[in-house]
Amino acid sequence: QLQLVESGGGLVQAGGSLRLSCAASGRIRANYAMGWFRRAPGKERDFVATIGWSGGNIYYADPVKGRFAISRDNAKNTVYLQMDSLKPEDTGVYYCAAEARATVRETSPYWGQGTQVTVSS
């Protein structure tokens, strides 16, 4: 089993920045992709970004390209999401996911509890 705990959410003004972290613990294997999804108020959960074990296989959803950057530190079993130029439409609960494959997906087996990000206009 793998446990994921997100942190770093909060309230920020439009144009500001936040850095989310997701720490993994448990039976960590050396082939886990990790990534981020988000659920905006009243909407379904959407993919945000994914990163492979070695730091490759990085993909972003179109709405965040050029503004968000995903990275990971395997020595700390942690994945990060640097979010810049935040917009009100980035508001939502951000979830960390992990899976033993090249990329995460909606059906990935491991999920964190989520961290709230609110961007005010």
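- Residues Thr115 and Val93 have side chains not in contact (no heavy-atom distance under 4.5 Å, counting atoms from C-beta outward).
- Although no hydrogens or angles enter the test, the distance criterion places no donor-acceptor pair under 3.5 Å between the side chain of Thr91 and the main chain of Thr118.
- Within the 4.5 Å cutoff, the side chain of Tyr95 has no heavy atoms near those of the Leu4 side chain.
- Contact annotation: the side chain of Ile51 never approaches that of Asn57 to less than 4.5 Å [non-hydrogen atoms, C-beta and beyond].
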Val117/Leu11 under side-chain contact (heavy atoms from CB on, under 4.5 Å): CA gap, chis, key distance, verdict: CA-CA 6 Å; Val117 172; Leu11 174 64; over 6 Å; no

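- Partners of Arg45 by salt bridge (Lys or Arg N to Asp or Glu O under 4.0 Å), not counting sequence neighbours, listed by chain and number: Glu106.
- For Tyr60 (side chain) and Ile70 (main-chain N/O), a donor-acceptor pair under 3.5 Å exists by modelled atom type.
- Side-chain contact between Tyr32 and Val104: absent, with no pair of heavy atoms (C-beta onward) separated by less than 4.5 Å.
- Legend: side-chain hydrogen bond (donor to acceptor under 3.5 Å, both in side chains) pairs involving residues 5-22, not counting sequence neighbours, sorted by first then second residue: Ser17-Asp84.
- Within a 6.0 Å sphere centred on CD of Gln113, other residues, nucleotides and ligands contribute 12 heavy atoms or fewer.
- Side-chain contact check for Cys96 versus Met34: some heavy-atom pair is nearer than 4.5 Å.
- Of all heavy-atom pairs spanning Ser108 and Ala98, the tightest one is CB-O, 3.7 Å.
- The shortest non-hydrogen separation linking Ser71 to Val79 is O-CG2, 3.1 Å.
- Between Phe68 and Trp36, a ring centre-to-centre spacing not shorter than 6.0 Å is recorded.
- Hydrophobic clustering of Ile, Leu, Val, Met, Phe, Trp and Tyr side chains at less than 4.5 Å, counting indirect connections, unites Val119 with Met83.
- Considering only heavy atoms from C-beta on, Gln1 comes within 4.5 Å of Tyr110 through its side chain.
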Salt bridge (charged side-chain N to carboxylate O under 4.0 Å, His left out) assessment of Glu99 paired with Arg105: CA-CA 8 Å; Glu99 185 171 1; Arg105 51 187 171 175; 2.7 Å; yes

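- Using a 4.5 Å heavy-atom threshold, the side chains of Trp53 and Arg72 count as touching.
- Here the side chains of Arg38 and Asp90 are in contact, with some heavy-atom distance below 4.5 Å.
- Of all non-hydrogen atoms in Gly92 and Pro41, the two that sit nearest each other are CA-CD, 4.4 Å.
- Between the side chain of Arg27 and the main chain of Leu2, no donor-acceptor pair closer than 3.5 Å is present.
- Residues Phe47 and Trp111 share a hydrophobic cluster, clusters being chains of Ile/Leu/Val/Met/Phe/Trp/Tyr side chains in contact below 4.5 Å.
- Transitive grouping of hydrophobic side chains (ILVMFWY, heavy atoms separated by less than 4.5 Å) keeps Tyr80 and Val64 in distinct clusters.
- Although no hydrogens or angles enter the test, the distance criterion places a donor-acceptor pair under 3.5 Å between the side chain of Arg101 and the main chain of Thr103.
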